[in-house]
Structure formats: structure tokens, C-alpha cells
There are 2 protein chains.
Amino acid sequence: MTLEQVAHRAKVSTATVSRVLNNASVVKTSTRARVVKAIEELKYHPNLHARHLAGGKSRTIGMIVSNMENPFFFDIYKTVESDAHAAGFEVVVANTDYRSEQLVASIRLMIGRRVAGLAVVVSEMEPALIEELTDSNIPVVFYDVGAPRQNITNIRVNYGRGIDKIIDYLYSLGHRKLGFVGHHAMLGPINERVKPVLDAVARYPGVEVRTAADADTLDGGRLAARALLASGEQPTAIVCVNDIMAVGALRELRERGIRVPQDVSVTGFDNVKLSEFCYPALTTVHIPRDTIGHLICDTLLSKSGNNAAADHEMVIDPEFVLRDSTGPAPGR
Amino acid sequence: MTLEQVAHRAKVSTATVSRVLNNASVVKTSTRARVVKAIEELKYHPNLHARHLAGGKSRTIGMIVSNMENPFFFDIYKTVESDAHAAGFEVVVANTDYRSEQLVASIRLMIGRRVAGLAVVVSEMEPALIEELTDSNIPVVFYDVGAPRQNITNIRVNYGRGIDKIIDYLYSLGHRKLGFVGHHAMLGPINERVKPVLDAVARYPGVEVRTAADADTLDGGRLAARALLASGEQPTAIVCVNDIMAVGALRELRERGIRVPQDVSVTGFDNVKLSEFCYPALTTVHIPRDTIGHLICDTLLSKSGNNAAADHEMVIDPEFVLRDSTGPAPGR
DNA sequence: TTGAAAGCGGTACCAG
DNA sequence: CTGGTACCGCTTTCAA
């Protein structure tokens, strides 16, 4: 079904059909009626690719995330989508699953689609790729826990600050032997996620921390906790890189008959909904996903507009949330 | 950046550039090298819309789901995506959030994109829309708990069978006063999700059931459970339409000091990962999301291939999973 | 092995 | 208010 066929049936030109489709300019009511009728009879659906190609502009914004399975990313996506829809844009997401080849593929795809804007919400990214993106000339905004990028709008959360708050609290409770559960995106040398923990701990003499990492899933959290528990002395508190993994850790502890928080304390990060619903409810740090989502959309939408200003950086300071998974270190 | 500019720089025709892009036919090695060089220097990314328009075929399959937030849908998506990628397809998802206008919009969008296949994983759907879809001539597969569709491949789970297993088990444990927690997509008259419960209960004289519904989220489950508890006699068992809402119900019970399963039993549905990680772990019914995902992909991919056969229906029989959230009715 | 040119399905400008 | 038509960027014969 093509525009031309519709035009033919309605006995008008393709130009006119196009007009009624975009309810643009003036089309005589009777003509419009004929066209609409033809469209319905033929069950015509305009070809978006053709439309895009001819029109030039995109009306869709892209979003790339590491792991949609983690509600943290999903929450951001949700508000981005909602804002985008409100502005008449649609959004297409891509999941990288923490795999860098997927990241590359997804970015190429987005560029190929000529999206009106792109939000990249992933942890690690090679400089070459970033360059490819900036050269593409499409408005981009990064969300990151890492270092600021140059020449690109960057939203980031002050991860270290959040970790500090957690460690401070745990220290005040008497915890000296800590465990850190991270995810695989942070294997390798000291990275963005582990370093803050080490730094925070370093401020307190006499505090030790061992780390373990696994997949960014419930199971991963469980496995990492198991690894922590299987080797060396049992920590009195387990700090997790995010809530999902913390819930996984909670399960491992429960199955071993280790009580939380009486025997060991556990903390999450992000404050996703689940952190309130698990048992015990998690002490965590709140990252405002909605704010991040709004920021992303505002930036993208205004950028694709006119004011090519504001290629700055916005950093979000996380807030401590006290719940039931933490308590005094045992024997204190 | 366009093909033509690349062609110009490499001093060849656009046809040749196209050839190396699709590494098709024979291109002299030296020529190919020149082109590749030009592409890199210009940081050229082919316009997918143009490519699609010219090429005709799509290489992308669409998927529409009610609520990506529920891991049930996400799990299906995940395996579809993985299978699709393996076959050289990409997949674009759309979330309807249980809103029918969104469903309409998403379907139109997919048709407009001329996707090579479309998976529709939603609860309710108007006949008119279904017709629009069949007329579109694109391979479609539905996943549903409802009645079979005509003329479209339909995968469905025998929801009633699953409910029966749960009710039977609960009955054998002495439960006579039941509560059912559903979600809003099932408001209105007796529908696909509630009816099976009523039917199952009807088989046992003396068993009563009250129902409550809310959003398909953790909070929704909590609220629905609250409603159930706030009115009338306290049920001895709460049957939930899915695991997510069951976890929500668990929280409400916990905060009221009602012990699970000693005071009231709770059941989920789907057997998503979370059902093992919550506390207490949920007795539920297993729906094989991976099988469903594979089925969807196989169907779509083979359909878009040649054999337009198999417009049949596949029904999946769910399996009972016993865990810790159920026990004998109190005082028995 | 490579180039020229005819589309693919729309949009939008220019006349009428 | 409506029609004619030149593209949009790429693929694909058809010849050379």
C-alpha cells in the first residue's frame, strides 16, 4: 500500500494525500473526506522509512542502557519515554548487556537511524566510540558514574559521596570488617566503582574490605555474597553496588542462617522500589531516576532545538536512606 | 554524510560503495580498500531508512508488551532478542503500559516500520486492531492467556490450569476463605484472569473468594492486599495473579504483623526470578518464558521465510512450584 | 569489475 | 486548494 495508490483511488495527487496525512495546510473538506475514505478502505499505513527519508527530521530519540533488567535503568527509561511522548517524540531503546560489542553495534544503529537525540546510560565506554558519537553531530547525553566527558553533556551521580555516606554509617555502628559486592562491568583494575569504596575505607584506620564481583542480577548478588562468605573471615557488613545485587546477597545470607542485620548488615544502592519490598528492607542510597530522566530529555530536546548551549555537566548528590538491613556490628 | 560523498572521495560510483558496504559481489581488493578508507575518513554511517526503503526487506522484528517492568515480559523479550540477533535480526520493543491507545499507536508504528515480524504480548486487544494487523500482511504472533485468535499464530498459556493447581493445593491445606489479587487490566466484567479463579473455586463447595485489583506493580500488589484485608473477613490464603503483585502483598502482610504462611498463605504466578529471592520464597506456577520466546522467534522467522504454514495455536501447560509461602490453614 | 540510472515511498516547493 | 515534480540516500539491474 503506497501513497500513490491512495492518491489514485481518491483521484487526487500524492501531494494532496500527503497533506491530509500531515493535516497540514488547507485541504478542502470534501477532498479530505475522499482521501480519508481511500486510506481506510485500503488500510493504508504510511511507510515511516520513506517519510523519514523525505522529511529529513527524525522525531525519535534513542537510548542505550547496560541492563534493562535492573529496574534502575528501567526507571530512567520510563521517565524519558514519558517526557519524550509528551513532546511528540518516540524513543527506541537498546540493551547492551554490559557487552562492548553490543554497545558499538547499538550506537552505530542509532546513528544509522539518524535519531534526533541519544541518551547513553552505560558504565564503560571507549574514547574512540565517544568520538564517533560526537562526530556524528547528533545531540548526546551521557549518564555515568565515571569521569566527566569533554564536549558532551554529562549527567553523573556522585557515586563516591554515596559510598562515603554508607561507610560512615557502618563505621559508626562499629563495623570494621567489610565486604563489597560489585558487578562484572567492574572487573579488571581498580575502577570507578571499587575505588570509591577503597577510598572511603582508607579514611578509617583499622577497617578492612574484601571484594567480590558477579553479574548484575539477583543471582549475581547471591553468588558474589557466597564468594565473600566462602573465603576468609566473615565480614560484619556487606556493601553492595546496587539494590538488586543486595537482594541477591540477602538470600544467600538467609539460606546460610545468617541473620540480617543481627549477624551481618547489608546495604544497597539506588533505592529502587524493590529495596522497600525485600526482607529486610534495605538501607540504601537514593538516586533520583526521575530527575535523571527529566534531565536527559530536557537536554536532548533543547539541544535538538536551537540553543546548542549547555554542554556542561550535572552531578547528582545521592541521599542516604536508612531502613532495616543494617544494625550494630555483632558483639558491640 | 552520504553514500555519494563517500563515492566521490573514493573516486568510484555509489554503486560500488554500496557493494563494499554489503560486501556483496566482486569488488577489486584495491578498490574496496579505497572505499573503506574513504568511509572511515568521513566517518560515514549509512542511513538505515534509505537503506530499508531501497532494499525493501526489513531485518527487524517488533515486539509489543504490556508492561516491561514486570520481569515476566522482560524475560520473554530477552530470549526473543537473543534468538533474533542470532538470526541477524534486530528487535524493537514497545511498551503499552496496559493502555489501549498506546497499543494502537505502537501497532501502527510497527506496521509503518514494515517490520519483518511482530510479536504481540498483551492481554486485551480489540478485534478491529487484530484485523488491521492481519490485513497488514506482516507475520504476527500473539501471546495470550485469552481465547485463541483465528488466522493468527497464537501462543497461550493454560492459565486456568495453573489456577486450578493452586486452588487444589490450597484446598488440600484446608483453606476455605480465599482472596484474589489481580491487576487493573482485568477490571470490568468477569474476565480472562478472574473467571478461572471463580471456576476453580466453584468446584469446591464451601470455598469463598473475594477479589481486589490494582496496578501490575509491587505497589499495586500491596494496595490490593490492603484492600482485601481492610474489608470483610481475613482470608487464610491470598492468590495473586503474578509474582510481582504477590511480593507486594507479602509486604503488606509483613507490615501488619501477619505471618506468612502461618497466618495466611500467599501464592504467585509466573515463577520469575524474584519469586525465589523474596521472603518467604513464593509458592507459584512456572510459565516457561524462554520456551515462549523461542516459539515466538521460530514462528516469526519461519513465517517471514517461506512456509506460511502453521497458523495454529500452541498452548503451554504451567507447572506447580512449591516453596515457602504456603502452609496449612490456621487452626487446622 | 565498475558505472549509470531507475526506482523505493514520501515531502515540499512551485505553479496554476 | 490542488497537481507536478525534484529530491531524500541507498539498492539493484543493465551495460559497458
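Chain letters run A, B, ... following the sequence lines, proteins first and then strands; every chain starts at 1. Note that the coordinates shown come from a computational prediction; the quantities given were computed from them, not determined experimentally.
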Practice prompt. Please list, chain by chain and in numerical order, all residues satisfying side-chain contact (heavy atoms from CB on, under 4.5 Å) with A:Lys37, sequence neighbours excluded.
Written response: A:Glu41
Discussion item. Does the protein touch nucleotides 7-16 of chain C at the base, only the backbone, or not at all? Give it as B, S and - per nucleotide, heavy atoms under 4.0 Å.
Written reply: BBBBBBB---
Item to complete: Classify the nucleic acid contact of B:Val27 as base, sugar-phosphate or nothing, counting any heavy atom under 4.0 Å across all strands shown.
Response: sugar-phosphate
Practice prompt. Anything under 4.0 Å to a heavy atom of chain B counts; send over the first and last such nucleotide of DNA chain D, read 5' to 3'.
Written response: D:dG9 to D:dT13
Discussion item. Using 30° and 60° as the class boundaries, would you call the ring planes of B:Tyr98 and B:His183 parallel, tilted or perpendicular?
Written reply: tilted
Discussion item. Just by distance, no angles: are the side chains of A:Asn137 and A:Arg114 close enough, under 3.5 Å, to form a donor-acceptor pair?
Written reply: no
Discussion item. With a 6.0 Å cut-off (strictly less than), is the heavy-atom count around CD of B:Gln5, excluding the residue itself, greater than 12?
Written reply: yes
Worksheet item: More than 12 heavy atoms of other residues, nucleotides or ligands under 6.0 Å from NZ of A:Lys43: is that the case?
Response: yes
Worksheet entry | Candidates B:Asp216, B:Asp97, B:Thr96 - the one meeting side-chain hydrogen bond (donor to acceptor under 3.5 Å, both in side chains) with B:Asn67 | B:Asp216
Fill in: Full working for side-chain contact (heavy atoms from CB on, under 4.5 Å) between A:Gln102 and B:His85
CA-CA 11 Å; A:Gln102 257 307 324; B:His85 278 180; 3.4 Å; yes
Practice prompt. Could you tell me whether a side-chain N or O of B:Arg59 sits under 3.5 Å from a main-chain N or O of B:Lys57, the two making a donor and an acceptor?
Written response: no
